[in-house]
Peer 1: 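Let me begin by handing over the structure; questions about it come next.
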Amino acid sequence: MGTSAKIFEAQTASFRSILPPHYTWDFVEGEHECPPADNVDQIFAAPYLCYYNLPSIDNVREAHESLREIVHEEGPFDAVMGFSQGAALAASFLLHHQIEHPYIPPPFRLAIFVCASLPFSISPNHGLDVTDYYAATGDTTAADLDYLKSFTKYDGLQSDFTGTAELGKDETAFGPRIFRFHPHLDEIRIEIPTVHVYGRQDHYYAQSKYLVELCESIDDRVFTYEHPFGHLVPKSKEATTGIAKVVEDGFTRADFFS
């Protein structure tokens, strides 16, 4: 959020440059303008874009439709890769595919999540209703389920929407409803191989690790690389080599898994 496809292309150039040359990459632009991410405007020029400004059910569903259209018109693709909000969107897209079409092969064979936040849901039947938490704090980085629940009036799996029927189907008295997947609440898992890259100083560090738990770990399908930095793609030689290795391991596993 607050970057662009061009920026993401530049941020990932170092580790992509040492991957096999026959790998090709298409970078998908967000459709909504937003403020730049931290320090991005000091390095990269506008525009600064995102896939949704508010992660409401309707807005995330719209982002799903945009991604589905790209896959249909420009695919097929072997893998999907996202950073921060883009990673959350990719994870949400895959989780809902698993929910809605469990017997249809996923649209990707591998997912690469970089500095991911937890994915948002497009259904009140999945995820925790974090609308009240957002309204109270404006914070998007909390990850502890019990803490989030302490703000929550509605549980995504045991919902009682009495009194909100006169509002829109995706709204509460606080505005649009926001539901977020959590591995300690939702049983659904991403079943394709996944790669996770995250930093110990990232404010989304806990959420990135919880996303690992939202992915099926049997048959060695999950690959992780943890670095000592923050919410960024590190450029050190050690990190570049490490990220490239887990990405290549992920592709190798995806080939075997498929």
Peer 1: Test your reading of the model: is there a side-chain donor-acceptor pair from Arg200 to the backbone of Phe229, 3.5 Å cut-off?
Peer 2: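 Side chain of Arg200 to backbone of Phe229: no pair is present.
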Peer 1: May I ask you to check whether His32 and Tyr52 place their ring centres under 6.0 Å from each other?
Peer 2: no
Peer 1: Before giving the answer on side chain to side chain contact (heavy atoms under 4.5 Å, CB included), spell out for Val197 and Phe113 the whole-Å C-alpha distance, their side-chain angles and the decisive distance to 0.1 Å.
Peer 2: CA-CA 6 Å; Val197 178; Phe113 303 123; over 6 Å; no
Peer 1: Before you tell me yes or no, could you show the steps for Asn125 and Phe179 under side chain to side chain contact (heavy atoms under 4.5 Å, CB included), namely the whole-Å CA-CA distance, both residues' side-chain angles and the distance that decides it to 0.1 Å?
Peer 2: CA-CA 9 Å; Asn125 297 317; Phe179 287 80; over 6 Å; no
Peer 1: Between Asp249 and Arg253, is there a side-chain N and carboxylate O pair less than 4.0 Å apart?
Peer 2: no
Peer 1: Any sub-3.5 Å donor-acceptor pair from His182's side-chain atoms to Ala143's backbone N or O?
Peer 2: yes
Peer 1: Determine the interplanar angle of the His96 and His126 rings, folded into 0 to 90°, and report it as parallel if under 30°, tilted if 30 to 60°, perpendicular if over 60°.
Peer 2: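 Because their plane-to-plane angle is over 60°, the rings of His96 and His126 count as perpendicular.
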Peer 1: Under a 4.0 Å threshold between the charged nitrogen and the carboxylate oxygen, would Asp129 count as salt-bridged to Arg180?
Peer 2: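 Here Arg180 does not pair with Asp129 in a salt bridge, since their nearest N and O are not under 4.0 Å apart.
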Peer 1: Would you find a donor on one side and an acceptor on the other, under 3.5 Å apart, between the side chain of Gln207 and the backbone of Ala142?
Peer 2: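 Yes; judged by distance alone, with no hydrogens or angles, the pair exists.
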Peer 1: Under 4.0 Å between a Lys/Arg side-chain N and an Asp/Glu carboxylate O for Arg68 and Glu65?
Peer 2: yes
Peer 1: Does Ser208 use its side chain to pair, donor to acceptor, with the backbone of Ala116 at less than 3.5 Å?
Peer 2: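 Checking the backbone N and O of Ala116 against the side chain of Ser208, a donor-acceptor pair under 3.5 Å is found.
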Peer 1: Of all residues at least two apart in sequence or in a different chain, which pass the salt bridge (Lys or Arg N to Asp or Glu O under 4.0 Å) check with Arg16?
Peer 2: none
Peer 1: So Leu214 and Pro119, do their side chains get closer than 4.5 Å, heavy atoms only?
Peer 2: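 The answer is yes; the side chains approach within 4.5 Å.
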Peer 1: Under the side chain to side chain contact (heavy atoms under 4.5 Å, CB included) rule, what do Asp41 and Tyr48 come out as? Steps first, then yes or no, please.
Peer 2: CA-CA 9 Å; Asp41 56 339; Tyr48 310 113; 3.3 Å; yes
Peer 1: Would you say the side chain of Thr140 lies within less than 4.5 Å of the side chain of Tyr204, judging by non-hydrogen atoms?
Peer 2: yes
Peer 1: Check for me whether the distance between the ring centres of Tyr205 and His231 falls short of 6.0 Å.
Peer 2: no
Peer 1: Can a donor-acceptor pair be found between the side chains of Ser66 and His64 at a distance below 3.5 Å?
Peer 2: no
Peer 1: Answer yes if the side chains of Glu29 and Tyr51 hold a donor-acceptor pair under 3.5 Å, and no otherwise.
Peer 2: no
Peer 1: Would you tell me whether Tyr133 and Asp139 have side-chain atoms, one donor and one acceptor, within less than 3.5 Å of each other?
Peer 2: yes
Peer 1: Can you list everything that forms a side chain to side chain contact (heavy atoms under 4.5 Å, CB included) with Glu187? Sequence neighbours excluded, please.
Peer 2: none
Peer 1: Check the pair Val80 / Ile112 against side chain to side chain contact (heavy atoms under 4.5 Å, CB included), numbers first and verdict last.
Peer 2: CA-CA 6 Å; Val80 61; Ile112 305 165; over 6 Å; no
Peer 1: Using the salt bridge (Lys or Arg N to Asp or Glu O under 4.0 Å) criterion, which residues pair with Lys235? Sequence neighbours excluded.
Peer 2: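 Salt bridge (Lys or Arg N to Asp or Glu O under 4.0 Å) list for Lys235, sorted by chain: empty.
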Peer 1: Could you check, using the six-membered ring where one of them is a Trp, whether Tyr225 and Tyr198 have ring centers closer than 6.0 angstrom?
Peer 2: no
Peer 1: Any chance you could lay out the salt bridge (Lys or Arg N to Asp or Glu O under 4.0 Å) test for Asp58 and Arg61, step after step, and finish with the verdict?
Peer 2: CA-CA 5 Å; Asp58 281 346; Arg61 183 185 293 118; 2.8 Å; yes
Peer 1: Taking the side chain from Thr12 and the backbone from Phe8, do they hold a donor-acceptor pair closer than 3.5 Å?
Peer 2: yes
